[in-house]
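Let me begin by presenting the structure, written as structure tokens, before commenting on it.
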Amino acid sequence: MPPQHNPYAQPSPYAPAQPGYYGTPGMPGGPGAPGAARGSGGVGRAVLWAVVGAAVASALWGGGVLLLGKDSGAKADLRGYTVRNDLCSSADLTAFSGTYAGGSTPTAYTTKGRTLDEMECSEGMKISATSDLSDAYVDIEVDLHKKTDPAGEFDDQWLGYRQHKPASTVVPVSGYGDEAFLVTASGSDEVTLAVRDGWVTYSMTWNSFSYEDSAPSSSDATAWVKSSTRATLAKLKS
């Protein structure tokens, strides 16, 4: 006989939870909730993407794709060049001696790092040996790239001078390393020869401060810079 309904009965405090309570069907985040993916919630998706991201990152690191602070493994192609503590002592500036009678005390520095060694030399040139002021400066910079091949940036670095205002003239030059550019500034008071030889980059700049009619021309300076660059690069390999 079916149980009779008692209108005066009170609900039992031990009644089972109703559907939709704490992740059960019908409640937000629970199975079957409106707008929720079946079998997954916000926390589930976050955990899933964290696992996938960790797996992808691990695979990329293992394959050497993510190189953040990691060496590429390629051996530096330094072509026999070695770092010098005093670049000025290895610089050959005899090509300038026919015009400049003397020079100021040269300034040199060298820095050595894990990925890059840098050398620089700067020397003033005087047309008259008795003059107190330099009529021009010659600056040389040599960088030995020990972890990164500079070939990908070398062209943009020097061809970019064409976009300067006022623009400089940039001409490719053969016979120096893998590639070289001759950069002549507007006004012809500055000439630079930039060379890349393997993973070594080099530049020599002549900058004139003389405004006399007898001041050397940029064509003269170009010949000196080319000759001096060839001699200096040879000495840096010896």
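Every heavy atom of this structure was used, including side-chain atoms; hydrogens, water molecules and symmetry mates were not.
- Within the model, atoms CG of Asp92 and OG of Ser228 stand 5.5 Å from one another, a figure rounded to the nearest 0.5 Å.
- Here the CG-OG distance, from Leu182 to Ser168, works out to 10.5 Å after rounding to the nearest 0.5 Å.
- Side-chain polar atoms of Tyr81 and Asp197 form a donor-acceptor pair below 3.5 angstrom.
- The side-chain heavy atoms of Thr115 and Thr148, taken from C-beta on, include no pair separated by under 4.5 Å.
- Arg230 and Thr232 share no donor-acceptor pair across their side chains, judged by distance under 3.5 Å alone.
- Within the 3.5 Å criterion, the main-chain N or O of Ala136 finds no donor-acceptor partner in the side chain of Ser134.
- With rounding to the nearest 0.5 Å, the separation of OG1 in Thr192 from CD1 in Ile140 is 11.5 Å.
- A 6.0 Å sphere centred on CD of Glu153 holds no more than 12 heavy atoms belonging to other residues, nucleotides or ligands.
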Side chain to side chain donor-acceptor pair (under 3.5 Å) evaluation trace for Thr205 with Asn207:
CA-CA 6 Å; Thr205 299; Asn207 197 341; over 6 Å; no
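- A donor-acceptor pair is defined here as one N or O able to donate and one able to accept, closer than 3.5 Å; no such pair exists between the side chain of Ser203 and the backbone of Ala194.
- A donor-acceptor contact shorter than 3.5 Å links the side chain of Asp117 to the backbone of Gly113.
- Between Phe181 and Tyr161, the distance from one ring center to the other does not fall under 6.0 angstrom.
- At least one donor-acceptor pair under 3.5 Å links the side chain of Ser89 to the backbone N or O of Asp86.
- In terms of modelled atom types and a separation under 3.5 Å, the side chain of Thr222 and the main chain of Ser218 share a donor-acceptor contact.
- The side-chain heavy atoms of Asp178 and Arg79, taken from C-beta on, include a pair separated by under 4.5 Å.
- For the pair Met125 and Asp135, the minimum side-chain heavy-atom distance is 4.5 Å or more.
- In this model, a donor atom of one side chain and an acceptor atom of the other lie less than 3.5 Å apart for Ser122 and Asp139.
- Contact of the Lys126 side chain with the Leu133 side chain is not registered, since no non-hydrogen atoms from C-beta on lie closer than 4.5 Å.
- A donor-acceptor distance shorter than 3.5 angstrom exists from the side chain of Thr110 to the backbone of Arg84, with no hydrogens or angles considered.
- With a 4.5 Å cut-off on side-chain heavy atoms, Leu116 and Lys146 do not count as touching.
- Tyr202 does not carry Arg196 over the face of its six-membered ring by the limits of under 6.0 Å from the centre and within 45° of the normal.
- Residues Tyr109 and Cys121 have side chains not in contact (no heavy-atom distance under 4.5 Å, counting atoms from C-beta outward).
- In this structure, Tyr137 and Ser208 have side chains that are not in contact, with every pair of non-hydrogen atoms separated by 4.5 Å or more.
- Proximity of Leu144 to Thr201: side-chain heavy atoms (C-beta onward) are nowhere separated by under 4.5 Å.
- Side-chain atoms of Asp156 do not come within 3.5 Å of backbone N or O of Trp158 as any donor-acceptor pair.
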